[in-house]
Amino acid sequence: MEEAKWYVVHTYSGYENTVAASIEKAVENRGMHELIQEVNIPMETVTEITDNGPKTVERKVFPGYVLVKMILTDDTWHLVRNIRGATGFVGSGNKAIPLTDAEIAALGVEKHEVVVNYQVGDSVKITDGALESFIGTVEEIDMDENKVRVVVSMFGRETPVELELDQVELIQD
């Protein structure tokens with residue numbers, strides 16, 4: 001069974017929620033959960049300044065688009081294509097083109113949970129990047145930003161470097 005990928009469906013303006021709900025209903029009715037796994041409308045929380053002061057609102061990141069995680073087959077293509085309000089897939093011609101892993105990460109649609117086995121004060125080895133194989137001490141861990149700050153001794157100086165959480169590993173004694 002091939003892996004489901006994220007595709008972008010173009011909709012009429014203002015029809016995103018209707019299209020998403022219709023796709024989910026059609027999947028439910030036809031029992032196609034293993035083929036169409038997830039429907040997502042990327043939202044962001046924005047603070048708008050109004051006459052009455054600041055107001056927090058949810059806003060669509062890409063108005064006119066719905067993301068669908070699915071395995072592309074003739075059936076799934078036709079199901080999505082024939083939803084009222086959907087105008088088609090983003091791609092070239094009639095070919096739907098899936099989003100790349102980098103694009104998915106940038107959209108924040110799928111959160112990749114990184115499990116770290118080190119903590120502040122631990123000695124770690126850098127496993128990736130320009131400072132690969134350097135040894136340092138963890139100074140700060142920021143799970144939300146996927147960052148770790150490690151103090152590395154370089155040229156007789158303590159130098160803090162910021163890395164991604166999965167670029168370092170705990171040194172086992």
Side-chain angles (χ1 to χ4, degrees), residues 1-11 16 19-20 23-24 33-49 54 56-73 76-77 80 88-93 95-173:
M1 181 99 164
E2 72 176 287
E3 203 178 310
K5 293 183 172 70
W6 284 97
Y7 292 90
V8 182
V9 179
H10 192 262
T11 70
E16 303 88 356
V19 167
I23 292 172
E24 286 168 351
H33 298 284
E34 62 287 337
L35 291 174
I36 298 180
Q37 298 168 358
E38 214 177 315
V39 180
N40 184 307
I41 301 169
M43 301 293 274
E44 61 186 348
T45 306
V46 188
T47 303
E48 291 179 349
I49 307 300
T56 306
V57 293
E58 284 272 295
R59 199 167 63 186
K60 292 179 181 74
V61 181
F62 302 108
Y65 296 96
V66 174
L67 303 180
V68 182
K69 185 176 188 174
M70 60 183 235
I71 295 167
L72 191 64
T73 65
T76 57
W77 189 86
V80 173
F89 285 97
V90 172
S92 57
K95 188 162 166 24
I97 296 176
L99 292 171
T100 64
D101 291 343
E103 289 167 330
I104 293 160
L107 291 172
V109 178
E110 286 186 352
K111 295 275 183 258
H112 287 291
E113 205 53 46
V114 177
V115 179
V116 294
N117 63 346
Y118 51 84
Q119 52 201 10
V120 173
D122 282 346
S123 288
V124 291
K125 178 178 176 184
I126 300 174
T127 57
D128 184 35
L131 300 176
E132 190 173 336
S133 78
F134 270 75
I135 306 290
T137 307
V138 177
E139 188 179 68
E140 185 185 339
I141 299 172
D142 185 343
M143 295 302 276
D144 297 334
E145 293 293 322
N146 187 33
K147 299 266 183 249
V148 58
R149 189 157 58 233
V150 178
V151 177
V152 181
S153 180
M154 270 194 287
F155 314 116
R157 281 199 143 112
E158 298 283 292
T159 308
V161 290
E162 198 164 270
L163 300 158
E164 293 192 2
L165 294 173
D166 58 2
Q167 287 183 296
V168 300
E169 65 183 23
L170 184 65
I171 296 175
Q172 304 294 341
D173 295 329

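For the pair Tyr65 and His10, the minimum side-chain heavy-atom distance is below 4.5 Å. A 4.5 Å side-chain heavy-atom check between Ile36 and Val80 finds at least one atom pair inside the cut-off. Contact check for Gln167 versus Val150: no side-chain heavy atoms found under the 4.5 Å cut-off. Contact annotation: the side chain of Tyr118 approaches that of Leu165 to within less than 4.5 Å [non-hydrogen atoms, C-beta and beyond]. Looking at heavy atoms from C-beta onward, Glu164 lies in side-chain contact with Lys147 at the 4.5 angstrom threshold. Between Phe62 and Glu16 there is no side-chain heavy-atom pair separated by less than 4.5 Å. Counting heavy atoms from C-beta outward, Trp6 and Asn40 have side chains that approach closer than 4.5 Å. In this structure, Met43 and Ile41 have side chains that are in contact, with non-hydrogen atoms separated by less than 4.5 Å.
Pairing each heavy atom of Leu72 with each of Met70, the nearest pair is CD1-CE, 3.2 Å. Residue Glu158 comes nearest to Val151 through the heavy atom pair OE1-CG1, 3.3 Å, listed as atom of the first residue, atom of the second, then distance. Smallest separation of non-hydrogen atoms from Pro54 and Ile49: CB-CD1, 3.9 Å. In this structure, Leu170 and Ser123 approach most closely via the heavy-atom pair CD1-O, 3.7 Å. Annotation for Glu2 and Ile71: closest pair O-CD1, 3.2 Å, computed over non-hydrogen atoms. Nearest heavy-atom pair, Thr127 versus Asp166, reported as atom, atom and distance to 0.1 Å: OG1-O, 3.7 Å.
Summarising the geometry, atom CG belonging to Leu131 is positioned 5.0 Å from atom CD1 belonging to Ile126; distances are rounded to the nearest 0.5 Å. Atom OH of Tyr7 sits about 13.0 Å away from atom CG of Leu67, to the nearest 0.5 Å. The CG atom of Asn146 lies 10.5 Å from the CG atom of Leu163; values are rounded to the nearest 0.5 Å. Within the model, atoms NZ of Lys5 and CD1 of Ile97 stand 12.5 Å from one another, a figure rounded to the nearest 0.5 Å.
The aromatic rings of Trp77 and Phe89 sit parallel to each other, their planes meeting at less than 30°, with 60° as the upper class boundary.
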For Lys69 and Glu38, what are the C-alpha separation, side-chain angles and deciding distance, and is it a salt bridge (Lys or Arg N to Asp or Glu O under 4.0 Å)? CA-CA 5 Å; Lys69 185 176 188 174; Glu38 214 177 315; 5.1 Å; no

